[in-house]
J.: 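Mind looking over this structure? Questions follow.
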Amino acid sequence: MAENLASKLGIQSYCFRGFPKAEQIIEGLKACGVDKLEICGVHWKPAEQPDPRVVVEEYRKGGITLSSFGVQAIGDDEKAARPAFELAKAAGFPVISADVRGANGLAVAEKLCKEYGKKIAIHNHGRKHRLGPAWALEELFAKASMNVGLCLDTAWALDSGDDPLAVAQKFKDRLYGLHLKDFVFDRAGKHQDVVVGTGNLNLQGMADFLKSINFGGYLTLEYEGDVNNPTPALKKCCEAIRKAFA
């Protein structure tokens, strides 16, 4: 029997940015029936805790698996990017959500991917991000090895004027991760987070496509609303995702 992709679902720790402690995040994840976390720099700062095994074990004891880390900026400073790869090694996940920047960012990323046996997935971050539009991603991938793929953020693709499903189809061979996220826009084009599938994202279409290709990457829910109490909306998002992938 094929894997139910909803079982891969994790939540981005940025959703819980108002809660600094791991136990608070674990509580929120369990309330959503989720046991995977894509952790971000809000909740793991190498300068404060240089041993990534500590954070991995902290979540593991709470029944949570780290599914990725990011978004990690990779620029000319190799030393600054290395801790993310050390975390990937300690946690055993294969792909880091990332951005490449600077004159040598791509070269640094390629070097570290080869050294650690990991991949990175570029996070498209909307119309104001230089790697936000699909055409910019296409230009980058033409210069990169298959160690560099895509973490498709569905809401930020909408912000760039792209159809997230079309982007997923276009880059299916490099689709290493997904941020399931949904926006609505006001008349000025300002975005607002909403429960996944209630805005402009064709959630069912995306789910059907991912099932059709037996998607093997990480699947992460991201909802940035309700900073002080995100769990109720996150639970609704999880319910919608499970229904779509059933």
Side-chain angles (χ1 to χ4, degrees), residues 8-17 36-44 66-75 77 80-81 83-85 87-88 91 93-102 105-106 108-110 112-113 116 118-183 191 193 196 200-201 206 210 215-224 237:
K8 297 168 66 71
L9 183 64
I11 295 178
Q12 232 293 338
S13 81
Y14 192 72
C15 302
F16 299 104
R17 61 196 179 279
K36 298 174 182 64
L37 179 72
E38 181 181 346
I39 193 167
C40 74
V42 172
H43 296 110
W44 179 56
L66 297 187
S67 55
S68 187
F69 173 77
V71 175
Q72 172 64 47
I74 303 177
D77 185 353
F85 287 83
L87 178 64
F93 57 76
V95 182
I96 298 163
S97 298
D99 182 26
V100 292
R101 55 185 67 170
L106 180 58
V108 169
E110 294 273 24
L112 291 173
C113 285
Y116 284 88
K118 303 295 181 181
K119 296 180 179 180
I120 66 164
I122 300 298
H123 178 268
N124 56 297
H125 203 80
R127 73 187 97 168
K128 296 181 180 179
H129 182 224
R130 61 186 185 78
L131 294 176
W135 63 263
L137 292 165
E138 188 171 24
E139 287 185 354
L140 176 72
F141 295 150
K143 300 181 288 187
S145 78
M146 292 301 291
N147 283 330
V148 180
L150 175 62
C151 169
L152 174 60
D153 187 301
T154 55
W156 286 116
L158 290 166
D159 185 73
S160 292
D162 290 317
D163 175 359
L165 180 55
V167 176
Q169 292 167 336
K170 182 179 183 67
F171 299 118
K172 65 180 181 179
D173 293 337
R174 292 187 190 253
L175 192 60
Y176 300 157
L178 208 80
H179 282 181
L180 283 173
K181 183 182 173 91
D182 203 354
F183 281 163
H191 67 268
D193 281 75
V196 177
N200 288 285
L201 174 65
M206 183 63 73
L210 294 176
F215 175 67
Y218 57 91
L219 189 65
T220 299
L221 165 63
E222 189 171 28
Y223 171 82
E224 295 185 17
C237 289

J.: Classify the ring geometry of Phe171 against Phe141: parallel below 30°, tilted from 30° to 60°, perpendicular beyond 60°.
T.: perpendicular

J.: With Phe93, which residues qualify under ring pair (Phe, Tyr, Trp, His ring centres under 6.0 Å), at least two apart?
T.: none

J.: Got a second to check how far Ile122's CD1 is from Asp99's CG, nearest 0.5 Å?
T.: 6.0 Å

J.: Within the structure provided, determine whether Leu37 and Leu66 are in side-chain contact (heavy-atom separation under 4.5 Å).
T.: yes

J.: Just by modelled atom types, is the Phe16 backbone N or O under 3.5 Å from a matching donor or acceptor in the His43 side chain?
T.: yes

J.: Nearest heavy-atom pair of Ala80 and Gln72: which atoms, and what distance?
T.: O-NE2, 3.8 Å

J.: With a 4.5 Å heavy-atom cut-off, do Leu175 and Leu210 have their side chains touching?
T.: yes

J.: Counting only N and O atoms by type, is there a donor-acceptor contact under 3.5 Å from the side chain of Asn200 to the main-chain atoms of Phe183?
T.: yes

J.: Between Glu222 (side chain only) and Tyr14 (backbone N and O only), is there a donor and an acceptor less than 3.5 Å apart?
T.: no

J.: Taking all non-hydrogen atoms of both residues, which atom of Gln12 and which atom of Gly70 are closest, and how far apart?
T.: NE2-O, 3.0 Å

J.: Measure across Ser160 and Gly126 and return the closest heavy-atom pair with its distance rounded to 0.1 Å.
T.: OG-C, 3.0 Å

J.: Atom NZ in Lys36, atom OG in Ser68: separation rounded to 0.5 Å?
T.: 13.5 Å

J.: Sequence neighbours left out, what pairs pass side chain to side chain donor-acceptor pair (under 3.5 Å) with at least one residue falling in residues 150-159?
T.: His123-Asp153, Arg127-Asp159

J.: Consider side chain to side chain donor-acceptor pair (under 3.5 Å). Of Glu38, Lys181, His179, which one does Thr220 pass it with?
T.: Glu38

J.: Can you name the nearest heavy-atom pair linking Asp162 to Ala134, along with the distance?
T.: OD2-N, 3.0 Å

J.: Which is it for Leu152 and Met206 under the side-chain contact (heavy atoms from CB on, under 4.5 Å) test, yes or no, and what are the steps along the way?
T.: CA-CA 11 Å; Leu152 174 60; Met206 183 63 73; 4.1 Å; yes

J.: I need the minimum non-hydrogen distance between Cys151 and Ala121, along with the two atoms involved.
T.: N-CB, 3.4 Å

J.: Taking atom CG of Asp173 and atom CG of Leu150, what is their separation to the nearest 0.5 Å?
T.: 12.0 Å

J.: Sub-3.5 Å donor-acceptor pair from the side chain of Asn147 to the main-chain atoms of Cys113, do we have one?
T.: no

J.: Quickly, which of Tyr176, Tyr116, Phe85 forms a side chain to side chain contact (heavy atoms under 4.5 Å, CB included) with Ile96? Name it, please.
T.: Phe85

J.: Give me the one residue out of Lys170, Arg174, Lys143 that meets salt bridge (charged side-chain N to carboxylate O under 4.0 Å, His left out) with Glu138.
T.: Lys170

J.: Any donor-acceptor pair under 3.5 Å linking the side chain of Asn124 with the backbone of Pro133?
T.: no

J.: Which value, rounded to the nearest 0.5 Å, describes the distance between Ile39 atom CD1 and Ser97 atom OG?
T.: 12.5 Å

J.: Looking only at heavy atoms, what is the nearest atom pair of Leu201 and Leu158, with distance?
T.: N-CD1, 4.0 Å

J.: Taking side chain as C-beta onward, heavy atoms only, is Val108 less than 4.5 Å from Asp77?
T.: no

J.: Spell out, as yes or no, whether a donor-acceptor pair under 3.5 Å connects the side chain of Arg17 to the backbone of Val42.
T.: no

J.: With side chains defined as the heavy atoms from C-beta onward, is the minimum distance between His125 and Val71 less than 4.5 Å?
T.: no

